[in-house]
Amino acid sequence: MNARGAIIVRVPRLKPSCTFAAAFAGATVIDMPPNDDLAPIWFGHLKGAVERRADCVAGVTQESHRFMIERLAWSVGAKLISVGFHDGRSNGSIVHELMLPEGEVSAASALQQAGAEWPTVVAAVIGRWNGHADLRQFKTDSPMAAPCEADTRYLTSWLIV
Amino acid sequence: MLTRPSDRKLSGVFAKFEGVVGSSWVLTAAADLEPYFDPFGPGARDEFAPAGAVLPANVEEVQAIVRIANEEQVPLWITSQGKNLAYGGPAPRVPGCLVLNLRRMNRILEINEELGYALLEPGVTFFELRQHILDNDIKLWISGPALGWGSVVGNALERGFGYTPYGDHAAQVCGMEVVLPNGELLRTGMGAIEGSSSWQLSKNGFGPSVDGLFMQSSLGVVTKMGLWLMPEPEGYLTCTVKLDHPEDLEAAIEILRPLRMNDTIQNNAVIANVIRMAAAQTTRDQWYDGPGAIPDDVIRQMMAKLDLGYWNVRFSAYGAQEILDARLKILRKAFEKIPSARFSHKQYAKGEEIAGPDRSQAGVPSLGAMQIINWRGGRGGHTDISPISPITGRDAMVQYRMVRSRAEEYGFDYYGGFTASPRYLNHIFVIIYDTLKHEEMAKARELGTRLVREAGAAGYGKYRTHLAFMDVVADQYAFNNHALRRFNETLKDTLDPNGILSPGKQGVWPKRYRKPS
């Protein structure tokens, strides 16, 4: 991802999505409209970029956004990689289920320590992504200082390659 | 009988297909086939797994592919954009089918503004059609379904519906071009006249009408379709009525029916329950994380916090300002007879920017409706149970009670609503689940099957269904010892004796797949 520009899809109502976007200095940040209608941003920004393979597109979003972007990416011959599920529980922990390249084992433990800053760790992993083929599954449970907010439940991190 | 063709056979077929479309357009690798699986299927992923996909660019290539499939006796499953989600998406009924994907055939062949029609290839999406209309300043509106990324032709063929006065999409179809199972090319209606001047204008050709044979069908590959489009109206009025009590549904339907039948309400009215509305903006765990369906007291909290009714009714009217003013007066007066009714409206002049929630009734396609898959969390999916009933308050209440109580018995929320045409209701109940939780999906499938059978026993048939329910839905259409099924099988065996096109679609099986009777 380093060699190319980055476009980050941000969902303004989700704090982790904003934290993830903020970790990419200099990236183009595209906000999901409040009604979640992806059409204007897909046709207005993302489709051309994905078609040209000019920029990497990534995000921490809800599942519906990931699902739609995956299918739209397929329609122009690109592929979305689901990096992880991130689920903030009311018992005060965040469960991360990740598919990471072999060399990113340390990221799993970093996530465990990261607490609410987990999107920054995921951003670093995605920032280093470079066409890895062999992915390994990791699951971590990261304790939080307080019960998780609703906007941390059922999130996904992904990138289009 | 539902087995995948051998790898040896498939490799020979793929080679022949490559000779027709080129190697780039024959997909066989697992990664390339991922888009052709059903993402939401309530069952094992391999149950509806394709063995390959072929993407022709034109009619001649479709004909050649169909002829090869006949020679090799391999089944093809026809799809265009593959967005028939909740009903199977692009996936085939029979595992091992080769998907005949028509998305490369995406030309808008003609739009006639004066006579109000389009002639389309099957790969054209709602977004593309609308953009073309905007780019060329054509004063016509399209009608789109909840999500605009699907094929216009595919949606009409599956009898999809939208939210403008042209919302019965199958009813707007006028003239088709079809590749028959033997590879021959047919044009229906007036299109059978060489150089026809009215193929997209009159549905009545000469002799039996055959267009309907190609809807929800396995009798041909539709390669062109005429579709009537609505002239841009002078103005547009959209109304919302919020009703606080479940039993208000009965009165609302009784009020709606005459207004739909006399065309005061001009589009398909939509009656959505509170959960359907809440799922468009929140997730379930924000309200309730306990066992079973969401309890009534929590539902009341939802209504209060989100300012929703238990039922939320939307409908529209179109035309000149004076006409809209008169309709508004009638509509408000009619619905305010229900004590809990909260009536509101918005009116737009021609060319005025239409606000987000009012766009679908103006035919503006969007992708907003996918939020529902977040409702239960995880990797969300859904399947829809959609029985048809008369548009009466009594039938609506029977449907609502029947489906809600059964859904709750299985631990699912009643996420539902009705789409009201002038003479019938389409009751849409959406079963939402996490596709990573096999137990949840198995329960969804069992619930769906049970609802289909119980609805059938009560005289209600489904109009469309997921691959997993096609046989059980077809079983309900049982009049006179399944005369309709036997008729469909006779047609299938006559037109497609090798059973190569979409075997099992809508429960119609070719002879070689049928169990001996």
Side-chain angles (χ1 to χ4, degrees), chain A residues 9 11 13-14 17 32-44 46-47 61-82 84-91 94-95 97 99 133 135 137 139 147-156 158 161, chain B residues 24 27 31-36 39-40 81-83 85 89-90 101 103-104 106 123 125-128 130-131 144 146-150 279-287 289 355-357 359-360 364-382 434-436:
Chain A
V9 176
V11 186
R13 67 173 180 273
L14 305 175
S17 181
M32 186 69 66
N35 65 356
D36 272 11
D37 180 6
L38 185 61
I41 68 168
W42 173 257
F43 291 108
L46 302 178
K47 183 173 182 251
T61 68
Q62 287 183 301
E63 167 62 9
S64 58
H65 311 124
R66 186 207 63 81
F67 176 82
M68 287 190 289
I69 290 171
E70 178 178 61
R71 264 133 189 95
L72 291 164
W74 282 339
S75 73
V76 293
K79 188 180 171 195
L80 180 144
I81 293 180
S82 283
F85 279 111
H86 315 276
D87 187 10
R89 308 273 170 90
S90 52
N91 66 1
I94 295 189
V95 174
E97 292 181 48
M99 292 297 285
L135 301 178
Q137 198 165 4
K139 187 171 180 179
C148 298
E149 298 293 325
D151 66 0
T152 62
R153 290 226 69 178
Y154 309 131
L155 301 181
T156 69
W158 49 266
V161 294
Chain B
S24 307
L27 309 179
D32 293 337
L33 290 179
E34 194 57 37
Y36 298 97
F40 296 162
Q81 287 295 335
K83 298 299 193 299
L85 299 169
N101 184 286
R103 74 175 164 87
R104 291 176 68 208
N106 62 353
T125 67
F126 290 94
F127 283 120
E128 287 164 345
R130 180 153 193 279
Q131 197 56 51
L147 293 162
W149 58 3
Q281 43 192 313
T282 60
T283 53
R284 187 178 194 270
D285 59 278
Q286 289 173 245
W287 304 101
D289 219 0
R359 287 186 185 159
S360 61
V364 182
S366 89
L367 289 174
M370 191 51 79
Q371 289 156 315
I372 66 167
I373 67 170
N374 301 325
W375 182 242
R376 285 181 83 107
R379 187 150 278 183
H382 66 103
D434 180 350
T435 59
L436 298 177

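Residue numbers start from 1 in every chain, and the chains themselves are labelled A, B, ... in the order their sequence lines are given, proteins ahead of strands. This one's a predicted model, so the numbers in the text were calculated from it and none came from an experiment.
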statement: Per-residue tally against chain B (heavy atom, under 4.5 Å) across A:F67, A:W42, A:F85, A:F43 peaks at A:F67
message: Does B:N374 form a side-chain contact (heavy atoms from CB on, under 4.5 Å) with A:Y154? I'd like the steps, not just the answer.
response: CA-CA 8 Å; B:N374 301 325; A:Y154 309 131; over 6 Å; no
field: From NZ (B:K83) to CZ (A:R71), nearest 0.5 Å
entry: 7.5 Å
task: With a 4.5 angstrom heavy-atom cut-off, could you sort out which part of B:R104 is near chain A: side chain, backbone, both or neither?
output: neither
field: Heavy-atom pair count under 4.5 Å with chain A, highest-scoring of B:Q81, B:Q371, B:Q131
entry: B:Q371
message: Between A:E97, A:H65, A:R66, who has the most heavy-atom pairs with chain B when the cutoff is under 4.5 Å?
response: A:R66
Spacing of CG belonging to A:D37 relative to CZ belonging to B:R359, to within rounding of 0.5 Å: 7.5 Å
- line: If you tally heavy-atom pairs under 4.5 Å between each of B:D285, B:D32, B:T283, B:D289 and chain A, the highest tally belongs to B:D285
task: Looking only at non-hydrogen atoms, find the nearest pair between A:M68 and B:L367 and report the distance.
output: SD-O, 3.3 Å
message: Looking at chain A, which one of B:P357, B:G82, B:P39 has the largest number of heavy-atom pairs inside 4.5 Å, strictly under?
response: B:P39
task: Nearest 0.5 Å please: distance from the CD atom of B:Q281 over to the CZ atom of A:R13.
output: 10.0 Å
query: What part of A:S75 gets closer than 4.5 Å to chain B, counting heavy atoms only: side chain, backbone, both or neither?
result: backbone
